[in-house]
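None of these values were measured; they are calculated from a predicted model. A, B, ... follow the sequence lines: proteins, then strands. Residue 1 opens every chain. Below, each value reflects all heavy atoms present in this structure, side chains not excepted, and no hydrogens, waters or symmetry copies.
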There are 2 protein chains.
Amino acid sequence: MTSLNKITDFRRPVAINLAARPTASSCEDCGARHQGLCDALSDEEVGFLARTAQHISLQANTVFIEEGEAALYFYNINSGNVRLFKSLPDGRRQITGFAGPGHFLGLAATSKNMFSAETMEPVKLCRFSRSAIAAVFEEFPVLERKLLDVAMHELVLSQQQMLLLGRKTAIERIASFLLSWAERLEICASGVLPKPNVSMPLPLSRTDLADYLGLTIETVSRSLSHLKREGLIDIPNIHEIILLRPQALYDIAEAAV
Amino acid sequence: MTSLNKITDFRRPVAINLAARPTASSCEDCGARHQGLCDALSDEEVGFLARTAQHISLQANTVFIEEGEAALYFYNINSGNVRLFKSLPDGRRQITGFAGPGHFLGLAATSKNMFSAETMEPVKLCRFSRSAIAAVFEEFPVLERKLLDVAMHELVLSQQQMLLLGRKTAIERIASFLLSWAERLEICASGVLPKPNVSMPLPLSRTDLADYLGLTIETVSRSLSHLKREGLIDIPNIHEIILLRPQALYDIAEAAV
DNA sequence: CGCGACCTTTGATATGGATCAATGGCCATA
DNA sequence: TATGGCCATTGATCCATATCAAAGGTCGCG
């Protein structure tokens with residue numbers, strides 16, 4: 001059946017570095033000022049938001065949202081990537097998505113967090129209390145509109161992922177993933193294939209990949225090797241993949257006839 | 001590996017019955033007036049919305065949202081149930097969710113519909129043009145807030161479903177489904193187990209169930225039979241299931257230790 | 001430069017669930 | 001009450017992917 005992945009998370013509790021509240025001017029220098037949510041806001045709006053936020057720095061492999069805990073915060077990532085996941089008591093894990101600079105986190109929550117989040121590398125983020133942000137909504141309804149857009153986009157992605165997890169074969173999952181990752185990196189526009197021979201950084205471990213695609217690391221490795229042997233991709237090193245024939249990948253990913 | 005389900009959808013194009021626009025007063029009599037989205041609105045707000053809506057009646061097994069088509073509308077279901085799904089060219093299908101009276105449809109869309117929707121029985125619904133609804137948002141920001149809540153809830157559900165599809169065994173999927181269906185029917189509060197021996201109507205075919213859970217109809221049938229043999233459920237007839245031991249189902253569903 | 005830890009790849013085998021096949025049950029219609 | 005069609009169940013077999021096992025890479029550190 002499905003893998004009982006060795007639990008690789010040594011979640012040493014890391015003292016959270018509570019830096020001073022950001023100011024509108026510190027936002028100016030933020031790497032995420034013109035990405036994601038913040039990009040949609042005026043300087044005035046960012047300033048307003050900034051007053052309710054805390055800047056936080058986390059080291060790699062830190063779990064900073066824990067499923068089941070009270071959902072007190074929203075987060076906006078400034079730098080670094082994080083993995084979002086749900087797990088079962090026996091250690092099985094499903095990664096439900098990844099979030100990078102500019103991504104807004106915390107929408108999939110009721111009063112408790114319904115997922116966990118862990119940094120994949122050193123991460124800087126802004127933390128907003130959910131209650132404080134409600135007041136910001138009153139002031140700037142545009143924010144709410146923007147959040148709705150974000151949520152709608154995430155819904156689209158998760159439905160795609162359900163099709164992948166429920167109905168695609170291993171090789172189809174890998175091909176789908178590679179193309180969606182290219183889209184995520186904005187190597188190509190949404191719905192458009194990347195040009196042949198583009199290179200992508202792939203900061204995920206094989207374990208992350210497996211847990212994202214509902215496979216084992218062995219099957220991920222074999223599928224990638226297969227695509228390489230067939231000349232659809234090249235893998236110069238573990239953390240880089242070259243899409244040699246995107247159209248062929250697409251035909252596999254979408255089971256095109 | 002995965003089923004090439006015979007394509008069972010004989011999607012005869014059905015003439016859509018465009019009844020007159022609903023009025024605020026006709027909303028008063030609507031079965032969904034006090035469910036879902038509409039329940040959160042005042043009579044004034046409903047009246048405003050009603051002026052932008054069309055009442056539509058559909059017969060059973062009608063596809064009324066087609067993946068890939070231009071996304072022109074939102075929908076609110078007044079009566080009947082519909083299935084939401086994505087499919088691959090070879091007929092493989094993943095049902096991503098179900099929607100019943102009071103459910104709001106169309107959030108997971110960009111400029112094109114990113115999923116399809118099909119009635120499971122005769123359905124009445126209200127259709128809103130996406131452009132018209134933007135104007136309503138200006139007038140009543142509360143609507144946007146409510147939609148954000150809906151979207152957030154759907155995100156939670158789809159993440160649960162990803163865990164199910166990616167990492168759970170057949171029997172775990174069935175047990176999870178039965179409990180989530182009880183929640184959906186409001187037989188029990190969210191996160192609370194139903195009392196032993198509760199009976200639930202189950203308007204889904206085995207094919208729907210299989211396509212929702214990423215299994216084949218044979219495996220669904222075998223898993224249900226297994227749970228029945230073990231005394232955790234009873235199946236008086238195809239469209240009714242009695243949860244004899246919800247706690248035991250939960251232990252299976254969540255792989256509780 | 002060499003050692004060791006960890007991750008990835010590759011190979012051999014096992015198995016859960018898919019596929020193929022047959023039977024059974026239910027309902028609608030005559 | 002009989003008949004046919006559709007869907008569900010059950011059984012037999014197969015296969016894609018998991019699991020188990022071993023070897024190969026890579027990188028940091030002494």
Atom [atom1] of [X] and atom [atom2] of [N]: how far apart are they, to the nearest Å?
X      : N      : atom1 : atom2 : value
A:L202 : C:dC7  : CG    : P     : 16 Å
A:M120 : C:dC7  : CE    : C1'   : 15 Å
B:E240 : C:dC26 : CD    : C1'   : 16 Å
B:D208 : D:dC6  : CG    : C1'   : 15 Å
B:L165 : D:dT17 : CG    : P     : 15 Å
A:R173 : D:dA16 : CZ    : P     : 14 Å
A:I233 : C:dT9  : CD1   : C1'   : 14 Å
A:N237 : C:dC7  : CG    : P     : 17 Å

### Within residues 232-257 of chain A or reaching into it, pairs that qualify as ring-ring contact (aromatic ring centres under 6.0 Å, His included) - sequence neighbours excluded
none
### Query
Does B:R83 count as lying over the ring of B:F98, i.e. NZ or CZ under 6.0 Å from the six-ring centre, within 45 degrees of the axis?
no
List, with names and distances, any nitrogen or oxygen atoms from the protein found under 3.5 Å away from nitrogen or oxygen atoms belonging to nucleotides 8-11 of chain D.
residue : atom : partner : partner atom : Å
D:dA8   : OP1  : B:R206  : N            : 2.9
D:dT9   : OP1  : B:R206  : NH2          : 3.2
D:dT9   : OP2  : B:R206  : NE           : 2.8
D:dT9   : OP2  : B:S221  : OG           : 2.8
D:dT9   : O5'  : B:S221  : OG           : 3.0
D:dT10  : OP2  : B:S225  : OG           : 2.5
D:dG11  : N7   : B:R222  : NH1          : 2.7
D:dG11  : O6   : B:R222  : NH2          : 3.2

### Query
For the ring pair A:Y75 and A:F64, is the centre-to-centre distance below 6.0 Å?
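A:Y75 vs A:F64: aromatic centres under 6.0 Å.
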### Task
Let me see the working for A:M120 and A:N61 under side chain to side chain contact (heavy atoms under 4.5 Å, CB included), right down to the final yes or no.
CA-CA 5 Å; A:M120 300 165 71; A:N61 296 306; 5.8 Å; no
### Task
Indicate yes or no: does A:K168 engage A:E254 in a salt bridge with an N to O separation below 4.0 Å.
yes
#### Entry: Note: B:R167-A:D211 ion pair, threshold 4.0 Å (strictly below)
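Salt bridge: yes.
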